[in-house]
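Beneath this line is the structure, given in structure tokens, with notes to follow.
Hydrogens, waters and symmetry mates are skipped; everything else that's a heavy atom, side chains included, is used. In this chain, residues are counted from 1 in sequence order. Note that ligands are numbered from 1 as they come in the structure, with each ligand's atoms numbered from 1 the same way.
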Amino acid sequence: MKHLLKLADLSTEEIYGILNLADQLKYERKNHIPHPHLAGKKLGMIFTKSSTRTRVSFAAGMTELGGTSEFLSDRDIQLGRGEPIKDTARVLSRYLDGIMIRTFKQSDVEDFAKNGSIPVINGLTDYCHPCQVLADLMTVREYKGSLKGLKLCFVGDGNNMANSLIVGGIKTGMEVSIACPDAYRPDAQIVQWAKENGKLTVTSDIREGAADADVMYTDVWASMGQEAEKAEREKAFRGYCIDAELMKIAKPDAMVLHCLPVHRGEEITDEVFEAHAEEIFDEAENRLHAQKAVLVKLLK
Ligand code: CP
Ligand code: NVA
């Protein structure tokens with residue numbers, strides 16, 4: 001494993017290797033056992049979109065591993081004024097030991113990896129969000145004991161989260177269902193791959209999608225960069241909401257996850273969100289542990 005550009009690049013063994021190390025790092029942190037695996041290492045973090053969790057968990061994670069991090073907003077670095085990715089990659093590779101990028105185009109992250117000489121971590125693109133899903137898998141395993149054979153239902157937009165959940169779920173032996181409007185289905189190539197490699201259903205019927213699910217998952221109707229489509233999306237997604245009624249169709253002990261930030265009253269009711277807040281904020285915490293594992297695997 002040289003980079004984390006998308007989960008499709010990882011084998012099932014590599015995914016479990018990250019999850020196991022994440023569990024170990026979480027245990028060490030909880031018990032105040034130092035784990036300075038990246039002493040002296042430097043991570044750059046390029047953001048062309050907003051972030052709370054990704055930014056702070058990567059920065060805190062590098063500190064806990066004995067390294068340092070540098071926040072690079074596109075408003076401040078020359079990339080935002082048009083310096084090409086390929087030049088930025090070649091320059092930053094001379095200073096840093098690794099780079100995390102949150103941006104719009106998946107091809108920008110891939111171009112950075114191609115032109116630079118340091119590990120690249122995808123901190124979210126329009127196409128996928130691998131770091132989030134590693135934390136999600138870690139959280140499901142904590143609560144349910146194992147992943148294989150569980151059913152995960154994602155309700156809402158066939159967006160970056162849906163794409164990564166399909167890949168991560170199928171690679172770990174879960175059954176995945178995506179309940180979304182027909183016009184907002186996940187990436188067609190990912191859907192095809194998933195159908196060839198595991199059990200995936202894509203349906204516009206949320207009740208069909210949620211039936212007997214072990215894990216219910218949702219995300220915002222309008223992602224970063226889609227602000228102009230807000231009104232249109234509110235119309236298209238009305239009803240694609242995890243509420244108490246839908247939870248009755250899932251398994252009685254189903255857990256609920258959300259990558260956050262949440263729009264209460266849109267993709268999930270306040271009632272269901274708060275009833276599952278413990279799981280959802282454990283999931284947010286696990287970003288830290290899962291990403292520390294990724295950092296150790298790539299930068300050590
Ligand atoms: N879930 C997630 O990636 O959160 P941020 O946008 O706050 O980083
Ligand atoms: N789909 C959301 C995820 C945020 C973590 C977005 O891209 O804005």
For this session: Work out which heavy atom in Glu227 is nearest to a heavy atom in Gly225; give both atom names and the distance.
Result: OE1-N, 2.9 Å
Ligand 1 and [X], any nitrogen or oxygen pair closer than 3.5 angstrom?
| X | answer |
| --- | --- |
| Cys259 | yes |
| Arg55 | no |
| Leu260 | yes |

Would you call [X] and [Y] a salt bridge, taking side-chain N to carboxylate O under 4.0 Å as the test?
| X | Y | answer |
| --- | --- | --- |
| Lys26 | Asp23 | no |
| Glu274 | Arg264 | yes |
| Lys248 | Glu245 | yes |
| Asp9 | Lys2 | no |

Exercise. Is the closest heavy-atom distance from Lys49 to ligand 1 below 4.0 Å?
Worked result: no
Seminar exercise, completed: side chain to side chain contact (heavy atoms under 4.5 Å, CB included) test vs Ile18 passes for just one of Met1, His289, Gln291, Glu13, namely Met1
Within the protein, flag every N or O under 3.5 Å from an N or O of ligand 2, and note the pair and distance.
| unit_1 | atom_1 | unit_2 | atom_2 | d |
| --- | --- | --- | --- | --- |
| ligand 2 | 1 (N) | Asn159 | ND2 | 3.4 |
| ligand 2 | 1 (N) | Asn160 | OD1 | 2.9 |
| ligand 2 | 1 (N) | Asp219 | OD2 | 2.6 |
| ligand 2 | 1 (N) | Ser223 | OG | 2.7 |
| ligand 2 | 7 (O) | Asn160 | ND2 | 2.8 |
| ligand 2 | 7 (O) | Ser223 | OG | 3.4 |
| ligand 2 | 8 (O) | Met224 | N | 2.8 |

Exercise. Which of these, Asp219, Asp187, Asp126, sits in a side-chain hydrogen bond (donor to acceptor under 3.5 Å, both in side chains) with Asn159?
Worked result: Asp219
Determine all donor-acceptor pairs shorter than 3.5 Å in which one atom belongs to a side chain in residues 96-116; sequence neighbours excluded.
| unit_1 | atom_1 | unit_2 | atom_2 | d |
| --- | --- | --- | --- | --- |
| Asp97 | OD2 | Lys42 | N | 2.7 |
| Arg102 | NE | Gly123 | O | 2.9 |
| Arg102 | NH1 | Ser50 | O | 2.7 |
| Arg102 | NH2 | Thr54 | OG1 | 2.8 |
| Arg102 | NH2 | Gly123 | O | 3.2 |
| Thr103 | OG1 | Thr48 | OG1 | 2.8 |
| Gln106 | OE1 | Asn122 | ND2 | 3.0 |
| Gln106 | OE1 | Thr125 | OG1 | 2.8 |
| Gln106 | NE2 | Leu5 | O | 3.1 |
| Gln106 | NE2 | Glu110 | OE2 | 2.9 |
| Asn115 | ND2 | Asp111 | O | 2.8 |

Problem set entry | Per-atom contacts, ligand 1 versus Thr52 - under 4.0 Å to a heavy atom | 5 (P), 7 (O), 8 (O)
For this session: Number the atoms of ligand 1 from 1 as they appear, then name those within less than 4.0 Å of a heavy atom of His129, with their elements.
Result: 2 (C), 3 (O)
Exercise. Do other residues, nucleotides or ligands put more than 12 heavy atoms under 6.0 Å from Glu70 CD?
Worked result: no
Exercise. According to the interplanar angle, ranging from 0 to 90°, do the rings of Phe273 and Phe281 count as parallel (below 30°), tilted (30 to 60°) or perpendicular (above 60°)?
Worked result: perpendicular
Can you report which non-hydrogen protein atom sits closest to [atom], along with the distance?
| atom | result |
| --- | --- |
| atom 6 (O) of ligand 1 | Arg102 NH1, 2.8 Å |
| atom 4 (O) of ligand 1 | Arg53 NE, 2.8 Å |
| atom 2 (C) of ligand 1 | Arg287 NH1, 3.2 Å |

